[in-house]
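A note on names: the letters A, B, ... follow the listed sequences, proteins ahead of strands, and every chain is numbered from 1. All values below come from the heavy atoms of this structure, side chains included, with hydrogens, waters and symmetry mates left out. Predicted model only: the values in this text are computed from it and were never measured.
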Amino acid sequence: MEYSEEVRRLFDTLPHCGELAAGAGPIVAGEAAELERGAWLRFEARLADGAIVDAAFRAWGCPHTLAAAALTAARLPGWRAGTPPPVDARSLAGELAVPADKLGRLLVLEDALQSLLRRASELQSAPPGG
Amino acid sequence: MEYSEEVRRLFDTLPHCGELAAGAGPIVAGEAAELERGAWLRFEARLADGAIVDAAFRAWGCPHTLAAAALTAARLPGWRAGTPPPVDARSLAGELAVPADKLGRLLVLEDALQSLLRRASELQSAPPGG
Amino acid sequence: MNTAAGRPVYLDYAASAPLEPRVAELMCACLRDPALQANPSAVHRPGRAAAAVVAQARARVAALIGAGPEAIVFTSGATESVNLAVLGTVRAAPAGRGHVVTARTEHRAGLEACRELERAGHPVTWLRPDAGGRISAAQVGAALRPDTALVSLMHANNELGVLTDLVAIGRACAERDVPLHVDAAQSAGRVPLDVRESGVALLSFCAHKLGGPKGIGALYLRRRPRPALRPLLFGGGQEGGLRPGTLATPLIAGFGLACEIAVGEIVKEEPRVRALRERLWAGLQPAAPVWRNGAAEPSVPGILNVCFPGIEGESLLFALDGQLAATSGSACSSASGEPSPVLTAIGRSELAAQASLRLSLGRHTTAAEVDAAAALLIAAVQRLRRAAPPGAIERIA
Amino acid sequence: MNTAAGRPVYLDYAASAPLEPRVAELMCACLRDPALQANPSAVHRPGRAAAAVVAQARARVAALIGAGPEAIVFTSGATESVNLAVLGTVRAAPAGRGHVVTARTEHRAGLEACRELERAGHPVTWLRPDAGGRISAAQVGAALRPDTALVSLMHANNELGVLTDLVAIGRACAERDVPLHVDAAQSAGRVPLDVRESGVALLSFCAHKLGGPKGIGALYLRRRPRPALRPLLFGGGQEGGLRPGTLATPLIAGFGLACEIAVGEIVKEEPRVRALRERLWAGLQPAAPVWRNGAAEPSVPGILNVCFPGIEGESLLFALDGQLAATSGSACSSASGEPSPVLTAIGRSELAAQASLRLSLGRHTTAAEVDAAAALLIAAVQRLRRAAPPGAIERIA
Ligand SMILES: Cc1ncc(COP(=O)(O)O)c(C=O)c1O
Ligand SMILES: Cc1ncc(COP(=O)(O)O)c(C=O)c1O
């Protein structure tokens with residue numbers, strides 16, 4: 001198995017891994033698990049002023065999956081409803097040189113991400129404090 | 001193939017190999033050749049006073065055959081008609097540690113030797129000068 | 001954390017043991033010696049010098065298993081020995097006597113050789129191990145049929161280290177006059193082994209698992225009664241026609257010395273390595289939950305197979321990469337990623353199999369290395385568990 | 001008379017060439033290197049380090065014959081490569097397409113593999129060489145049938161050194177879409193060899209004939225179209241499943257370097273060794289009658305096969321023992337004492353075959369050694385001829 005430098009670095013440090021501390025602004029979560037595909041991901045994001053301001057992940061999977069999750073969490077801040085997701089399976093695969101037979105895992109990640117972004121959009125369109 | 005020290009020594013020096021020089025006393029010869037068996041031997045002996053006084057050989061064959069021929073030639077002097085041959089296939093095989101699958105060659109040697117001894121006996125019983 | 005020399009802790013002796021330094025020196029001397037370069041089958045003096053080296057080594061290899069030198073056929077390794085034994089015996093059996101008894105937990109050499117026989121129409125009985133990974137003599141006895149040509153079982157399982165009871169199984173086979181082939185690649189040189197006690201008809205092993213070189217192995221072939229064997233290779237008459245090809249003098253010399261060293265050290269090494277293995281197991285407990293795969297005893301001393309439930313195997317290997325060399329339960333002999341059939345045969349789930357590691361120790365393993373390995377494993381497991389979504393440890397097992 | 005070091009003059013390169021000193025050094029370094037002890041199939045870092053050594057060597061071995069590394073399957077030697085090619089191809093052929101074309105002058109590896117196919121019911125056409133020992137493309141073309149699965153021929157004959165015209169025979173096979181297997185054990189590294197020119201489908205060779213170690217060989221397998229092959233051994237998936245078993249890193253590394261050295265030196269070495277061979281032939285003329293067995297050209301540079309009519313082979317060998325190492329025509333690969341079937345196939349009598357010697361030269365052979373060998377031979381032959389009964393030289397030939 002070949003791993004890029006970037007995968008090695010992200011795997012070794014796992015930035016944004018864990019939970020967001022309770023604090024200012026609502027937190028939403030999105031999760032997807034397909035154990036047969038070898039991936040289980042969970043993202044959390046804090047919203048403020050209609051945008052994601054902080055994000056975290058937890059993941060079970062291969063090194064590429066964990067690195068992709070860390071990268072995703074790093075790219076989430078700044079996202080706001082109505083804009084395209086900051087990453088998708090294709091862009092992650094390219095950036096991290098993920099081998100073709102692992103693309104299924106990135107689709108699980110995409111599912112978890114979309115679930116997170118859907119919740120975030122719902123929260124924004126809901127009446128504040130609702 | 002294993003060879004005894006004695007075979008090595010006899011093969012390296014080949015004592016009594018060649019022809020007897022013409023000289024005092026009659027010379028008899030005996031020869032036997034079985035190429036399929038891997039042996040061709042020729043013995044010569046000089047007679048004096050009813051006994052062999054000198055002997056020589058020529059041989060084509062394996063190292064055991066050549067060594068056995070040299071040993072035979074060395075043992076011939078002293079033989080006289082009516083006494084048993086100085087060597088036979090069995091005694092040579094024992095003395096030179098000849099492997100069993102080569103006994104056929106020693107039988108060829110025995111043939112050549114017996115032919116020589118027969119001639120020698122004939123010569124002795126023939127009228128002198130006949 | 002690495003060893004002093006900056007190299008990973010090597011706990012992969014079951015895949016290949018490092019070459020014994022004395023063996024390396026003998027082999028280097030042999031490789032460089034101008035008097036030992038000839039073909040050992042040549043009848044001239046340099047050929048005989050090489051043949052003498054081969055003869056001495058053959059006696060040493062035979063002595064490891066209590067056999068005489070004439071019972072040893074040199075091969076290229078355990079894979080070839082196992083194939084020669086399994087395919088060779090069954091192909092040589094009379095028509096109508098082609099049934100084979102083996103187990104699902106065999107090494108792939110035995111497994112695939114038996115599958116090849118199956119493809120050729122031979123009936124094969126595949127025994128299932130108990131939860132500890134063992135095949136019993138009763139199972140073997142029950143599987144024997146009038147048309148059984150061969151029973152082929154391993155002595156020590158290469159993933160779990162559990163040992164087969166050769167004496168009991170040998171007896172069950174002898175009662176029915178069925179030849180027993182034993183794959184002893186993982187046990188030869190690691191536990192005492194005597195072919196006279198178990199009455200095995202054929203026994204396979206190789207050098208590189210016991211401190212000898214890669215590329216050479218042996219098949220023991222009982223003399224009386226001698227099992228009929230059809231060769232796999234045809235050519236010059238080497239090894240009594242059973243295994244033609246120029247004999248590799250330096251490899252054979254190295255194999256011989258490695259066997260002799262193993263014979264001399266086994267009494268001391270076996271308990272030492274076994275104690276280190278238990279020290280490692282104890283040292284891993286802070287990573288609980290941690291499970292042991294396969295029965296702890298009877299076993300070869302150096303193999304510990306553990307499952308860290310909730311851990312993804314590839315990430316565990318990657319976390320240890322460059323620090324600890326071991327074999328994953330998902331990649332027993334290659335990078336295939338398939339879960340180990342041995343672990344699934346003893347009842348582990350696919351995910352638990354992938355969360356398993358075979359840690360195998362040997363002659364140069366130290367207590368410090370074992371402690372370092374335990375610390376590395378605990379750190380990696382805890383880190384990966386913390387990274388996983390809540391509930392993963394429970395669900396993924 | 002011996003060489004300076006008191007060792008016999010070694011003229012048995014065709015049986016096994018001495019290990020190239022640089023190869024010995026590389027192998028010793030590899031045997032001793034703690035970082036290269038792992039199984040090259042292991043996915044951890046030490047395993048990948050060993051795999052990198054294997055990969056580099058594979059490229060070097062492939063380059064010797066103009067192939068890509070992915071076309072090389074490592075085996076234990078030429079015997080196994082030839083068997084894998086011959087048995088593997090024919091066993092993989094569709095039913096009803098199992099005819100084989102080969103020659104009576106093949107090495108025993110090829111001969112016996114084809115005999116095994118014959119025993120299994122495959123029709124085999126056995127071509128006869130001309131008096132020089134050669135098989136022509138016309139003979140091959142005439143032997144091809146609609147059901148021919150394989151043509152298997154050697155490149156250089158191991159006893160005579162004569163070369164087969166691979167390009168012409170390759171063309172005859174290609175026209176009829178029949179895969180051609182070539183046993184190049186005696187030519188690889190000794191004459192330029194490029195699989196792209198001859199279009200061979202499979203090609204066998206080994207390390208120890210070209211300055212590499214014993215115990216390792218290679219089978220070249222053309223990529224497009226790729227001949228179907230049924231393995232001889234089953235097990236772990238090494239070598240694409242065609243040849244399982246732990247890869248022997250030091251052997252493969254040594255094989256690779258030996259090939260690289262051969263590639264670099266062939267332009268210089270080929271004419272040098274050829275000239276030494278002709279010097280030897282000229283030097284033997286005082287032993288007349290002396291005959292040359294096989295055509296002088298085209299040939300590999302290092303093989304001279306001579307007959308001393310009237311001489312008994314075993315005595316000639318014994319007379320030379322400890323002074324000159326060569327192979328007798330009566331003991332081509334063993335001490336069997338059977339006359340060489342190659343020599344009888346080119347029309348020599350059994351006795352002439354037994355009175356023949358293969359003198360084979362190589363990279364370390366010097367003019368002084370050649371002259372010494374000629375003097376030794378002349379002395380031994382003259383002495384044995386003098387010892388023979390009158391008429392022997394004429395009758396025994
Ligand atoms: C039990 C067992 N049998 C056979 C083999 C095959 O050994 P080799 O790869 O040396 O041929 C191994 C090693 O992987 C093994 O552990
Ligand atoms: C032409 C040829 N083919 C095959 C072989 C077999 O080689 P090995 O004994 O290394 O397997 C030899 C060597 O004797 C040979 O000369």
Side-chain angles (χ1 to χ4, degrees), chain C residues 5 7-8 10 12 15-16 18-19 24 27-28 31-32 34-35 37-39 41-47 76-77 79-80 82-83 107-109 112-113 115-116 208 213-216 232-237 244-251 317 321-322 325-328 331 333-336, chain D residues 5 7-8 10 12 15-16 18-19 24 27-28 31-32 34-35 37-39 41-47 76-77 79-80 82-83 107-109 112-113 115-116 208 213-216 232-237 244-251 317 321-322 325-328 331 333-336:
Chain C
R7 281 194 308 278
Y10 189 77
D12 207 11
S16 198
L19 194 62
M27 288 180 65
C28 291
L31 288 168
R32 288 173 175 146
Q37 302 292 316
N39 191 321
S41 301
V43 295
H44 47 59
R45 194 181 291 179
S76 63
T79 297
E80 187 183 344
V82 168
N83 275 266
H107 183 269
R108 284 184 67 196
E112 300 294 340
R115 285 207 189 115
E116 171 69 6
H208 76 100
K214 298 174 179 65
I216 186 84
L232 300 175
L233 304 180
F234 302 87
T246 300
L247 289 166
T249 319
L251 295 180
L317 282 187
D321 192 47
T327 290
S328 151
S333 62
S334 70
S336 68
Chain D
R7 282 193 308 279
Y10 190 76
D12 207 12
S16 198
L19 195 62
M27 289 181 65
C28 291
L31 288 168
R32 288 173 176 144
Q37 302 293 314
N39 192 321
S41 301
V43 295
H44 47 59
R45 194 180 291 181
S76 62
T79 296
E80 187 182 345
V82 167
N83 275 265
H107 183 269
R108 284 184 67 195
E112 300 293 340
R115 287 207 186 114
E116 171 68 6
H208 76 99
K214 296 175 179 66
I216 187 82
L232 300 176
L233 304 179
F234 302 87
T246 300
L247 289 167
T249 319
L251 294 181
L317 282 187
D321 192 46
T327 291
S328 151
S333 63
S334 71
S336 67

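In plain terms, the two heavy atoms of D:Lys214 and C:Gln37 that are nearest each other are NZ-O, 2.8 Å. Across every non-hydrogen atom of D:Leu31 and C:Cys28, the tightest pair is CD1-SG, 4.2 Å. D:Ser76 and C:Ser76 get closest at one heavy-atom pair: CB-CB, 3.7 Å.
In terms of non-hydrogen atom pairs under 4.5 Å with chain D, the most contact-rich of C:Val82, C:Leu19, C:Leu232 is C:Leu19. Considering only heavy-atom pairs separated by less than 4.5 Å from chain D, the leading option among C:Ala325, C:Ala113, C:Gly47 is C:Ala325. In terms of heavy-atom pairs under 4.5 angstrom with chain C, the leader among D:Ser16, D:Gly77, D:Pro250 is D:Ser16.
No side-chain heavy atom of D:Pro34 sits less than 4.5 Å from a side-chain heavy atom of C:Pro18.
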As a quick check of understanding, evaluate side-chain contact (heavy atoms from CB on, under 4.5 Å) for D:Leu251 and C:Leu251, giving each step before the final call.
CA-CA 9 Å; D:Leu251 294 181; C:Leu251 295 180; 3.6 Å; yes
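Atoms NE2 and CG, on D:His208 and C:Leu247 in that order, are 10.0 Å from each other to the nearest 0.5 Å.
Interface remark: C:Asn39 contributes backbone and side-chain atoms alike to the contact with chain D (heavy atom separation under 4.5 Å). Proximity to chain C (any heavy atom under 4.5 Å) is restricted, for D:Glu116, to the side chain, taken from C-beta onward.
Residues passing the side chain to side chain donor-acceptor pair (under 3.5 Å) test with C:His44 are D:Asp12, sequence neighbours excluded.
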